[in-house]
Amino acid sequence: MTVPLDRHYLVELQVSAERVSQLRRIIAAHLRHWSLELHVRPVCRGVEELLTNVHRHVGGDNNCVVELRWSGRHLTVSVADDGSGMPRLLSTGGGGLSRIMALSDSWGTCRTDEGKVVWFTRYAKEPNGVDLVPLSPLPGVREFRRPPVATAGVPGSATAPEPDAALV
């Protein structure tokens, strides 16, 4: 039986150039852990673009929240900040939202009581034939991973190495 997916990662930070690169590495590691290797580069570029826009237009002293949520079919990435100005898609293209639009299947913005959220989604389906098991039970968070593959005693087989969390 396959366990339903609901993977979630959330981090609150004050945006700076150093933190953007650190968060990029952390997000890449989460995506690799979730077996979403093909999405590492575009998602990290999208997050980097959104955080750079927060730093440029809202300021580095404001808090922002980055959230990843993967349903097993769609990966949603959102960045919430406490800035009052809403981003705009420039008709000339080449701006931050134009890049987000190019990297995603859908995107949007919405106002919140504290500021705004900018989000994008990508179709990201779990590879076929993979059963998932719970990691650790944390209140309000469900996260799953593949069960270990038993290969002991099988000639010519080897256990696959863990994904590398190297820099993107």
Side-chain angles (χ1 to χ4, degrees), residues 5-128 130 132 140-146 162-168:
L5 294 173
D6 187 17
R7 297 188 186 194
H8 183 246
Y9 174 71
L10 180 114
V11 63
E12 185 173 344
L13 69 147
Q14 288 185 325
V15 181
S16 69
E18 299 81 31
R19 288 194 176 136
V20 170
S21 64
Q22 290 170 347
L23 191 59
R24 182 182 170 104
R25 289 189 298 271
I26 291 168
I27 288 173
H30 275 279
L31 295 175
R32 286 184 181 109
H33 177 72
W34 294 344
S35 299
L36 297 176
E37 180 70 36
L38 294 175
H39 299 277
V40 168
R41 177 168 273 148
V43 168
C44 286
R45 288 181 72 198
V47 169
E48 184 175 21
E49 185 65 42
L50 293 178
L51 291 176
T52 300
N53 286 346
V54 169
H55 189 264
R56 182 179 300 134
H57 300 292
V58 179
D61 57 343
N62 292 312
N63 285 335
C64 103
V65 176
V66 177
E67 182 176 14
L68 301 176
R69 182 173 295 276
W70 182 43
S71 69
R73 299 199 112 181
H74 295 93
L75 177 66
T76 302
V77 180
S78 64
V79 175
D81 64 60
D82 51 6
S84 60
M86 293 298 287
R88 297 180 321 199
L89 181 61
L90 302 174
S91 60
T92 57
L97 290 181
S98 294
R99 289 186 198 105
I100 296 300
M101 187 170 59
L103 295 168
S104 65
D105 294 318
S106 63
W107 64 276
T109 64
C110 63
R111 288 193 190 279
T112 64
D113 290 338
E114 297 80 27
K116 67 181 165 300
V117 175
V118 181
W119 56 268
F120 66 91
T121 63
R122 290 181 56 87
Y123 181 73
K125 190 172 182 230
E126 176 73 23
N128 291 334
V130 177
L132 300 175
V141 176
R142 295 183 327 183
E143 189 165 0
F144 300 88
R145 67 176 170 176
R146 290 189 178 100
E162 287 295 315
D164 183 40
L167 301 177
V168 175

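Along the sequence shown, residues are numbered consecutively beginning with 1.
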Side-chain touch Leu31/Leu75, heavy atoms, less than 4.5 angstrom: yes
Side-chain touch Leu97/Val118, heavy atoms, less than 4.5 angstrom: yes
Min side-chain heavy-atom separation Lys116-Thr109 under 4.5 Å: no
Given Leu51, Asn53, Val79, Val58, the one that forms side-chain contact (heavy atoms from CB on, under 4.5 Å) with Val15: Leu51
Ring centre gap for His30 and Trp34 strictly below 6.0 Å: yes
Side-chain heavy-atom pair Glu49, Ile100 within 4.5 angstrom cut-off: yes
Side chains of Arg24 and Val47 in contact at under 4.5 Å (non-hydrogen atoms): no
Tyr123 backbone acceptor or donor facing Asp105 side chain under 3.5 Å: yes
Closest non-hydrogen atom pair between Tyr9 and Leu23, with its separation: OH-CD1, 4.4 Å
Minimum side-chain heavy-atom gap Ser78-Val66 below 4.5 Å: no
Derivation and outcome, side-chain contact (heavy atoms from CB on, under 4.5 Å), residues Val43 and Val77: CA-CA 8 Å; Val43 168; Val77 180; 3.9 Å; yes
Residue pair His8 / Glu67, side-chain heavy-atom distance below 4.5 Å: yes
Beyond-backbone contact of Arg111 with Met86, side-chain heavy atoms, under 4.5 angstrom: yes
Distance, nearest 0.5 Å, that separates CD of Glu37 from CZ of Arg41: 10.0 Å
Thr121 versus Ser106, side-chain donor and acceptor atoms under 3.5 Å: yes
Verdict with supporting geometry, His55 and Val20, side-chain contact (heavy atoms from CB on, under 4.5 Å): CA-CA 10 Å; His55 189 264; Val20 170; over 6 Å; no
Polar side-chain atom of Trp70 near backbone of Ala124 as donor-acceptor pair, under 3.5 Å: yes
Identified side-chain contact (heavy atoms from CB on, under 4.5 Å) counterpart of Leu68 within the set Leu10, Ile27, Leu36: Ile27
Any donor-acceptor pair under 3.5 Å from Arg19 side chain to Gln14 backbone: yes
Whether Arg122 side chain and Leu103 backbone form a donor-acceptor pair below 3.5 Å: yes
